[in-house]
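Contents: one structure, followed by commentary.
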Amino acid sequence: SFTQGSKLEIPLWLAKGMCDSKRRIISVELPKIYKEAWRTVFSADANVVDLHKMGPYYFGFGSQLLNFDNPENPEIAQTLLQTFISRFRRIMDSSQNAYNEDTSALVARLDELERALFRAGQKGLNDFQCWEKGQASQITASSLVQNYGKRKFTDMDG
């Protein structure tokens with residue numbers, strides 16, 4: 001049994017279930033990387049932070065934290081957005097120059113969302129270069145574009 005004021009680590013999904021609007025069984029303490037001291041570091045220079053070491057799902061987990069009723073939510077949301085924006089350009093630039101420079105040190109410091117963006121940038125460049133050299137038989141629309149087109153036509157039918 002736990003006494004009032006006890007602290008323990010539990011999975012996010014369990015915390016969400018125990019801290020909804022109907023029953024407030026627990027209160028949630030912010031992980032240190034989302035607290036004010038770290039938000040100050042991110043606002044100074046987000047590119048210096050090793051997000052993978054601090055939390056490999058920094059953006060995904062941070063956005064889930066916003067579901068909890070926390071007075072710091074607006075500041076957390078702003079830091080998540082500004083951190084993403086300030087790191088995005090460097091990630092995409094590096095993904096486009098991956099053949100000319102060693103990007104392993106950069107990639108090691110990225111959270112999982114950023115790594116996925118980096119790989120997408122590399123794949124896009126690689127696909128374009130293959131097409132340019134005549135090694136690709138045809139350009140095809142991505143599934144995202146195809147699904148968007150289908151949805152638009154379905155909307156018109158209604």
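Note: hydrogens, waters and symmetry copies are ignored here, and every other heavy atom, side chains too, is used.
- The side chain to side chain donor-acceptor pair (under 3.5 Å) test applied to S6 returns T3, not counting sequence neighbours.
- Few gaps surround CD on Q64; more than 12 heavy atoms of other groups in view lie less than 6.0 Å from it.
- Here K7 pairs with E29 under the side chain to side chain donor-acceptor pair (under 3.5 Å) rule; sequence neighbours left out.
- Not counting sequence neighbours, E9 has no partner by the side-chain contact (heavy atoms from CB on, under 4.5 Å) test.
- Distance check, rounded to the nearest 0.5 Å: CG of D69 to SG of C19 gives 8.0 Å.
- Smallest separation of non-hydrogen atoms from L106 and L110: O-CG, 3.4 Å.
- Put simply, CD on Q122 and CG on D127 are 11.5 Å apart, with the number rounded to the nearest 0.5 Å.
- Of the possible polar contacts, none joining the S94 side chain to the I91 backbone as a donor-acceptor pair under 3.5 Å is found.
- Judged as a side-chain contact (heavy atoms from CB on, under 4.5 Å), and not counting sequence neighbours, the contacts of M92 are F88, S95, L117.
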Anything under 3.5 Å between a donor and an acceptor, one on a side chain of residues 75-83, the other on a protein residue two or more places apart or in another chain? List them.
residue : atom : partner : partner atom : Å
T79     : OG1  : E75     : O            : 3.0
T83     : OG1  : T79     : O            : 2.7

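- Considering only residues two or more places apart in sequence or on other chains, P11 meets the side-chain contact (heavy atoms from CB on, under 4.5 Å) condition with W13, L14.
- Under a cut-off of 6.0 angstrom, the local environment of NZ in K35 is crowded, with over 12 non-hydrogen atoms contributed by other residues, nucleotides or ligands.
- Legend: residues meeting salt bridge (charged side-chain N to carboxylate O under 4.0 Å, His left out) with E112, ordered by chain and number and at least two apart, are R115.
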Taking distance alone, no hydrogens or angles, what donor-acceptor pairs closer than 3.5 Å link side-chain atoms of residues 41-51 to residues at least two apart or in another chain?
residue : atom : partner : partner atom : Å
S43     : OG   : R39     : O            : 3.4
S43     : OG   : T40     : O            : 2.8
D45     : OD1  : N47     : N            : 3.1
D50     : OD1  : H52     : N            : 3.2
D50     : OD1  : K53     : N            : 3.0

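- In this structure a side-chain-to-backbone donor-acceptor pair under 3.5 Å is present from N97 to D93.
- When the ring-ring contact (aromatic ring centres under 6.0 Å, His included) test is applied to F68, no partner is found at least two apart in sequence or on another chain.
- For F61, the side-chain contact (heavy atoms from CB on, under 4.5 Å) criterion is met by L12, P31, Y34, L65, not counting sequence neighbours.
- In the hydrophobic clustering (ILVMFWY side chains linked at under 4.5 Å, chained through shared members), Y57 stands by itself.
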Practice task
I would like to know whether R109 and E114 meet side-chain contact (heavy atoms from CB on, under 4.5 Å); could you show each step before the answer?
Solution key: CA-CA 9 Å; R109 298 166 64 83; E114 294 173 323; over 6 Å; no
